[in-house]
Amino acid sequence: MHQTQPVWLFEYHTGEPLGVAVRFRNGKTVFVFTLGAVGVNPLSAGSGGGWKTAEGLHITDPVSNIYSFYSAATISTQCVFYGAISMRQGDIISSFYTSSGTVYGFALTARGEPICN
């Protein structure tokens with residue numbers, strides 16, 4: 001029997017349903033992601049939003065920037081309605097979600113979990 005695992009979804013109160021989600025399996029976090037989540041500086045103001053990596057990759061950056069910051073990102077996956085460019089570090093997969101040639105979101109996934117969700 002398949003048991004449903006909890007997912008916590010945190011959404012912004014205005015605009016599209018954008019935000020952050022966390023999936024659990026057996027009481028452990030196995031997937032954390034943000035899709036199109038805008039940040040402190042609105043996209044409408046010409047900013048890249050507030051979500052960015054420690055190295056400086058921003059939501060809405062061109063996909064080519066992924067390779068400039070992360071040469072180890074060599075795993076390419078086509079998901080439904082978006083793509084993922086990923087890299088493995090131990091038991092964790094870091095993914096950069098892409099759409100229309102830009103960075104659309106970030107994800108951390110435990111080994112064995114699907115990159116596309």
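For reference, positions follow the sequence shown, starting with 1.
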(request) Check the hydrophobic clustering (I, L, V, M, F, W, Y; side-chain heavy atoms under 4.5 Å; chains of links allowed) and say if I66 and M87 are grouped together. (result) yes
(request) With rounding to the nearest 0.5 Å, note down the distance linking OG1 in T34 to CZ in F106. (result) 7.5 Å
(message) Within the 4.5 Å heavy-atom criterion, are L57 and F96 side-chain neighbours or not?
(response) yes
(request) Give a yes-or-no answer on whether the side chains of S94 and Y70 include a donor-acceptor pair shorter than 3.5 Å. (result) no
(message) Is there a salt bridge (charged side-chain N to carboxylate O under 4.0 Å, His left out) between E113 and R25? Walk through the geometry before answering.
(response) CA-CA 10 Å; E113 296 294 319; R25 186 173 314 284; 2.8 Å; yes
(request) Report whether Y82 and F33 are members of the same hydrophobic cluster (ILVMFWY, side-chain heavy atoms less than 4.5 Å apart, transitive linking). (result) yes
(message) Distance check, rounded to the nearest 0.5 Å: T29 atom OG1 versus R23 atom CZ?
(response) 11.5 Å
(message) If hydrophobic clusters are built by linking Ile, Leu, Val, Met, Phe, Trp and Tyr wherever their side-chain heavy atoms come under 4.5 Å apart, do V63 and Y104 end up in the same one?
(response) yes
(message) Counting C-beta onward and ignoring hydrogens, is there a side-chain heavy-atom pair between F81 and C79 closer than 4.5 Å?
(response) no
(message) Tell me the closest heavy-atom pair linking I93 and R88, and the distance in Å.
(response) CD1-NH2, 3.6 Å
(request) Find out whether Y67 and I85 are in side-chain contact, i.e. whether some heavy atom of one side chain is under 4.5 Å from a heavy atom of the other. (result) yes
(request) Would you indicate whether the side-chain heavy atoms of N65 and V103 approach each other to under 4.5 Å? (result) no
(message) Please report the interatomic distance CG(D91) to OG1(T109), rounded to the nearest 0.5 Å.
(response) 12.5 Å
(request) Please examine the side chains of V80 and C116, heavy atoms only from C-beta on, and report whether any two atoms are closer than 4.5 Å. (result) no
(request) Would you give the length of the straight line joining atom CZ of F69 to atom OG of S64, rounded to the nearest 0.5 angstrom? (result) 10.0 Å
(message) For the OG1 atom of T98 and the CG atom of D61, what is their distance to the nearest 0.5 Å?
(response) 12.5 Å
(message) Hydrophobic clustering (ILVMFWY, side-chain heavy atoms < 4.5 Å, transitive) - are W8 and V32 grouped together?
(response) yes
